[in-house]
Amino acid sequence: MAVFNVKNICDSTRTKLKETTAKMELFLNQNSLAQLNVENDPAMDEFYRGYLQDTRHLLVFCEVAYEKLGVSLRRPTFNVDFSEKVLYEVYHTCVNTFFYPKNECYSEDGRYAYTGQDAIRFRKKPSREVRDLTIELSKVFEELREDLSYYETDYITQRRMQGEKV
């Protein structure tokens, strides 16, 4: 990929990660398990506990990637190899962690992806705050997934063909 293109992708990815981290941080700072599970339902307690755990992990992954992209963009000489490795990590840690959360509180239903409806389906009916955050994040992570689709498989294939270890 051309240096200019990689640099632009790094810049736009960093901007999107900043947006997502701000939203997750605000949500996590304003919501607790007790606030989310007002009915004290044990099943919902488990659901929200898993959701909060997944959101905290995703926040950390996004913050780390944001910092690495910042390092990449601030270097006096732009390092394409380092930057592409970071973009690969963004795809495989941030994007995949969002769409495949460990606790499976929600999932993406591909049948809705092309209908204009929200493709996110929750395992249990969440609070408005949880639903709104997840839907907002899904829009940004869908964009990131599209922007970084090259780093899903093509990047590794190209590196292997060049005889590099990944």
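Numbering of residues begins at 1 and proceeds along the displayed sequence.
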Hey, any chance Leu73 and Leu144 share a hydrophobic cluster, counting ILVMFWY side chains that come within less than 4.5 Å of each other, even indirectly? yes

Let me check something: do Leu52 and Leu26 share a hydrophobic cluster, defined by ILVMFWY side-chain heavy atoms less than 4.5 Å apart, either directly or through other members?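 No: no chain of side-chain contacts under 4.5 Å links Leu52 to Leu26.
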
Between [Y] and [X], is there a side-chain heavy-atom distance shorter than 4.5 Å?
| X | Y | answer |
| --- | --- | --- |
| Phe141 | Thr97 | no |
| Tyr151 | Val90 | no |
| Glu84 | Tyr150 | yes |

Sequence neighbours excluded, which residues qualify as side chain to side chain contact (heavy atoms under 4.5 Å, CB included) partners of Asp45?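 So Asp45 forms a side chain to side chain contact (heavy atoms under 4.5 Å, CB included) with Leu33, Asn37, Arg49.
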
Residues forming a side chain to side chain contact (heavy atoms under 4.5 Å, CB included) with Ser72, sequence neighbours excluded: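 Result, side chain to side chain contact (heavy atoms under 4.5 Å, CB included) vs Ser72: Cys10, Phe78, Phe82, Ser83.
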
With a 4.0 Å cut-off, would you call Glu19 and Lys23 a salt bridge? yes

When rounded to the nearest 0.5 Å, the distance separating OH of Tyr106 from CZ of Arg131 is 13.5 Å

Nearest 0.5 Å please: distance from the NZ atom of Lys16 over to the CG atom of Asp11.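 Reported to 0.5 Å precision, the distance equals 10.5 Å.
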
Closest contact, heavy atoms only, Thr20 versus Leu17: OG1-O, 2.9 Å

Please name the pair of heavy atoms, one in Lys124 and one in Ala43, separated by the smallest distance, quoted to 0.1 Å.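 Here Lys124 and Ala43 meet closest at CE-CB, 3.8 Å.
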
Tabulate below the donor-acceptor pairs under 3.5 Å that side-chain atoms of residues 55-64 make, not counting sequence neighbours, or state none.
from: Thr55; atom 1: OG1; to: Tyr51; atom 2: O; distance (Å): 2.8
from: His57; atom 1: ND1; to: Gln53; atom 2: O; distance (Å): 3.2

